[in-house]
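Convention: sequence-line order gives letters A, B, ...; per-chain numbering from 1. Bear in mind that the values here come from a model prediction, so they are computed numbers and not experimental data.
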Amino acid sequence: MKPRLAIVLLLLVTLPLGLMAWLGLRLVQTEKTEIDKSFHRLHLERLRDIEARLGEVISARERELMAQTASQDLAASSIRKRVSDSPHLRQIFVLDAQGDWQHPPLVGPISRDEKEFLTRAEQVFQDRSRFFQDSGEGAEAQDHGWYSWFWASGLNLVFWQRHSSGSIIGYELNRFRLIADLIATLPDDQASAAGPGGTRLALLGARGEALYKWGSYQAAEHEAPVALLDLGAPLQPWRLSAFAPPPTGGSDLVAGTWLLLVMALVAAGLLFIGLAVYFYRESSRDLREAGQRVSFVNHVSHELKTPLTNIRMYAELLQERLEDQGDKSQSYLDVVVSESQKLSRLIDNVLTFSRHRRGVLKIRRTLVGVDDIIDRVVQTFLPILSHKQISVARQAGSPKPAAIDADALEQILGNLLSNVEKYAPGGKVELRSQQSAGLITITVRDEGPGVAAGARERIFQPFVRLGAELTEGVAGTGIGLAIARELARLHGGDLICQPAASGATFVLTLATETGS
Amino acid sequence: MKSKRRLISVWIATLFCLGSAQAKQVKLEVSVSHPILLAGVKQTAYVKVGLTGQALTTTKDRAPVNVAMVLDRSGSMGGEKIRRARDAAIMAIDRLGRNDIVSVVAYNSGVQVLVPATKVSDKHSIFAAIRGLTAGGSTALFAGVSKGAAEVGKFLQRNQVNRVVLLSDGLANVGPSSPSALGELGASLIKEGISVTTIGLGLGYNEDLMLKLAMASDGNHAFVEGPEQLARIFNYEFGDLLSVVANDVAIEIVCSAGVRPVRVLGREATIIGQRITTRLNQIYGRQEKYLLLEVEMAAAAAGRTRAMASVAVDYIDMIHQGKKHLSQETSVTYSSSAQLVRANTNAQVMVAAVEQIGNLANRQAVALRDQGKIKEARKLLLGNEAYLIKNANRYKSKRLKDHSKANRVDFDNLDSENWGRQRKHMNKRMRTIRGQQAW
């Protein structure tokens with residue numbers, strides 16, 4: 001199989017198959033993204049539910065603190081009792097209505113815990129004007145809210161509220177009790193195992209560390225969560241995350257799509273391969289048939305050649321004899337000879353071309369006189385040229401014998417002159433030969449219509465015949481120039497069509513020694 | 001008028017104490033290291049406020065227990081450890097009665113509430129849940145305690161013994177895990193009357209965290225070196241639980257003028273001006289819990305009597321189910337006779353003070369050793385040993401003698417090879433002394 005055909009067939013199979021595969025992949029990917037998205041949404045919903053549960057803990061704490069604020073006595077002893085009794089509180093601070101710090105007292109005896117609180121709450125102290133700010137134009141000043149700040153090992157939370165006296169009470173929550181209460185609200189592994197299977201949820205602290213994890217799914221070390229949710233105030237630096245194995249239902253669906261895609265690809269692949277095989281068989285049958293036709297022509301030509309040679313030989317003998325006797329019928333014989341020569345050239349050309357195609361074309365060099373050969377060819381063509389009113393001008397410049405294939409040279413010249421006879425009637429043909437060291441140059445110039453610049457190379461391709469105008473009414477095989485050039489090149493020379501002002505000029509060069 | 005009332009209250013308190021001995025009450029004993037002080041100089045004295053629980057005569061008298069067993073089932077608990085822990089937990093729960101409440105929580109990477117808080121009526125299903133326990137995973141200690149406390153919180157009542165018993169053999173690696181975090185949680189739980197007893201198993205757990213949690217919540221602490229000792233320790237713990245005679249014990253000491261409170265030894269307390277308050281979660285039968293107040297006494301002339309402090313104790317009587325109040329006042333007299341001062345020195349109070357001060361030195365030695373300052377730690381322990389021996393001889397105290405010996409063992413084991421184990425032993429002893437733990 002020829003490589004080009006192989007490539008074409010391969011492309012015929014792979015291109016549409018590749019295109020189908022790409023489109024299918026896109027389809028599967030889109031489907032997968034869709035599944036992932038809805039998976040993500042589902043888990044985000046779950047996290048939102050959990051956030052709501054955590055929110056309930058916070059608002060329960062809020063309500064409890066607000067209820068107690070109403071009855072809170074602001075005397076230091078009452079506040080201290082409150083701190084020591086309430087499991088949710090770590091400390092309490094009080095700002096009086098003027099915004100001055102009231103408790104823990106800045107002067108007078110205080111406990112070590114209170115002293116530590118004053119250090120820890122430095123930022124609250126600096127920031128205390130915020131508890132008295134209006135929340136916006138015309139709006140009432142806020143009377144309660146959350147305040148958080150970072151100190152040492154993490155987030156500190158204060159719930160503050162305006163007391164009926166106008167003072168601000170700030171409750172510092174016991175952070176770890178809050179975390180413990182949040183954990184207590186969240187399900188344990190067993191409760192979550194009963195729920196939608198195989199997930200791992202986690203409450204994450206401010207540094208992304210897990211405060212609590214629950215659920216049966218074992219996430220890999222660097223596995224990305226399927227959903228992440230930032231908690232709202234006052235737990236805003238905290239987050240909820242969900243880990244889950246890839247959706248099982250979804251993966252079935254994707255696997256189904258995959259299966260479908262693979263099946264479609266296999267089917268299409270088989271179809272295309274079938275088509276390719278069909279085309280290949282068709283084309284190879286064409287080629288085989290063409291080969292058979294060539295071989296047939298070849299055989300026929302061979303068979304034609306032998307009788308023709310005999311006809312020619314005896315016609316020529318007869319011609320010579322009749323010439324001596326001055327018989328009138330010589331002119332008829334001239335026609336016979338000329339036509340049989342023409343036929344002979346044609347057959348030679350066909351055979352040479354055939355040999356060339358089969359790669360067995362060779363030349364046989366012998367020492368011959370180039371001018372002699374030119375003369376002999378011209379001599380052969382003279383009757384037919386004069387019949388077409390073409391005069392011949394000879395300029396012999398190659399007197400010394402040279403090692404070339406005489407038959408090949410005859411064939412080249414015959415083809416050139418035959419073209420002149422066909423295409424340039426009523427003018428002059430000029431043949432000039434030159435001989436230099438190792439190189440013979442023969443120029444054949446006619447006065448016909450010439451060859452267009454764009455066609456000067458094309459005419460040497462086999463079976464190429466120029467436009468209708470030129471070739472109309474002229475018979476030809478279209479292989480003469482191709483053979484002539486091939487034979488010249490086998491000689492280590494070339495045959496080119498030179499640009500000329502008028503007419504066609506062919507220059508033939510032959511190297512007389514191989515390889516030089 | 002005021003002194004008259006005080007006189008009456010002292011009289012009543014004395015009566016009460018006398019009566020309580022018969023009526024099987026908690027006994028309050030306020031004693032001073034130096035009832036007679038040297039005249040004319042400023043000096044240090046100690047006030048010991050001791051509370052001793054009466055012995056329980058019958059077990060059916062005892063207060064109901066609401067306990068959460070929080071068990072480590074992380075990977076390191078595999079094998080004999082988990083097996084022994086299961087057996088110990090089952091054995092301990094078996095001691096509970098129908099009126100008690102129990103919950104069982106296991107933790108590894110997450111938490112599993114194996115037995116939600118329930119009356120101990122169907123022991124078999126509780127035991128079956130515990131028997132199914134296997135080891136594997138990480139250590140979410142904080143979450144385990146949180147869930148355990150929440151289970152106790154479901155049936156929280158002041159007139160029952162609310163307790164979380166935490167067993168751990170490894171470092172907490174999921175959730176908050178600093179000693180201060182657990183301390184903060186413990187400080188919150190004790191306000192609700194929930195104590196956390198922490199039992200460290202093997203050499204891998206974080207004793208600072210376990211100690212802090214126990215201390216902050218007034219729970220017990222134990223260091224169990226081998227799993228075969230677990231049953232014994234659980235037995236001790238449940239022995240305590242089943243012998244609680246008083247709950248929610250609030251102690252208030254108000255110092256008189258001329259008496260400056262310096263520090264409280266042996267217990268966390270809040271000092272604000274002349275007022276000292278602290279809280280004990282419970283008092284066990286036949287065990288004494290005390291706090292020692294170090295005060296600076298202003299100088300006074302010979303022959304003068306100075307009121308020193310008034311002590312008030314409020315608690316919930318677990319046997320007779322009701323709030324009780326105890327109070328006592330104490331005073332000192334000044335004398336110019338040093339011999340008289342020495343002769344009247346209360347050896348018992350001094351031994352307690354020396355014990356607690358020696359304990360502080362031990363704590364400091366651990367801190368130095370943690371910083372790698374072995375030499376300094378050794379020096380401190382050596383000094384402490386001498387201090388303990390001197391006072392052991394002076395007060396003829398075997399207890400102090402034993403402490404001095406223990407100090408020598410500590411001194412010998414500061415090198416890196418034995419330090420891990422020794423540190424746990426030291427911490428356990430410190431906790432025992434500080435919290436007057438019976439075991």
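- Of the possible donor and acceptor atoms, one in the side chain of B/K191 sits under 3.5 Å from a partner among the backbone N and O of A/L89.
- Looking at B/A143, both its backbone and its side chain come within 4.5 Å of chain A, counting heavy atoms on both sides.
- Applying the 6.0 Å contact sphere to NZ of B/K289 captures more than 12 heavy atoms from other residues, nucleotides or ligands.
- Atoms CZ and CZ, from A/R112 and B/R263 in turn, are 12.0 Å apart once rounded to the nearest 0.5 Å.
- When all heavy atoms are compared, the tightest approach of A/Q190 to B/V113 is OE1-O, 2.7 Å.
- A/S111 contributes atom OG, which lies 12.5 Å from atom CD1 of B/I276 (distance to the nearest 0.5 angstrom).
- For B/L114, the parts sitting under 4.5 Å from any heavy atom of chain A are the backbone and the side chain alike.
- Between A/R200 and B/S109 there is a side-chain heavy-atom pair separated by less than 4.5 Å.
- Between the OG1 atom in A/T185 and the NZ atom in B/K147 there is a gap of 7.5 Å [rounded to 0.5 Å].
- Contacts between B/A181 and chain A at a heavy-atom distance below 4.5 Å involve backbone atoms as well as side-chain atoms.
- Taking a 6.0 Å sphere around NZ of B/K323, one finds it holds 12 or fewer heavy atoms contributed by other residues, nucleotides or ligands.
- Of all the listed residues (A/S86, A/S84, A/P87), the one sharing the greatest number of non-hydrogen pairs under 4.5 Å with chain B is A/P87.
- Per-residue counts of heavy-atom pairs under 4.5 Å with chain B were compared for A/L211, A/L182, A/D113; the largest is that of A/L211.
- Closest approach of A/D189 and B/N108 over heavy atoms only: OD2-OD1, 4.2 Å.
- Ranked by heavy-atom pairs under 4.5 Å with chain B, the list A/I110, A/I183, A/D85 is led by A/I183.
- For A/I179, the parts lying near chain B are the backbone and the side chain together; criterion is any non-hydrogen pair under 4.5 Å.
- If you measure heavy-atom distances from A/E114 to chain B, the contacts under 4.5 Å come from the side chain alone.
- Between B/L185 and A/A180 the shortest heavy-atom distance is CD1-CB, 3.6 Å.
- Separating the OG atom in B/S146 from the CZ atom in A/F176 is a distance of 10.5 Å, to the nearest 0.5 Å.
- Proximity to chain A is limited to the backbone of B/I271, based on heavy atoms less than 4.5 angstrom apart.
- Residue B/R275 does not touch chain A at all, counting heavy-atom pairs closer than 4.5 Å.
- In this structure, chain A has heavy atoms under 4.5 Å from both the backbone and the side chain of B/L189.
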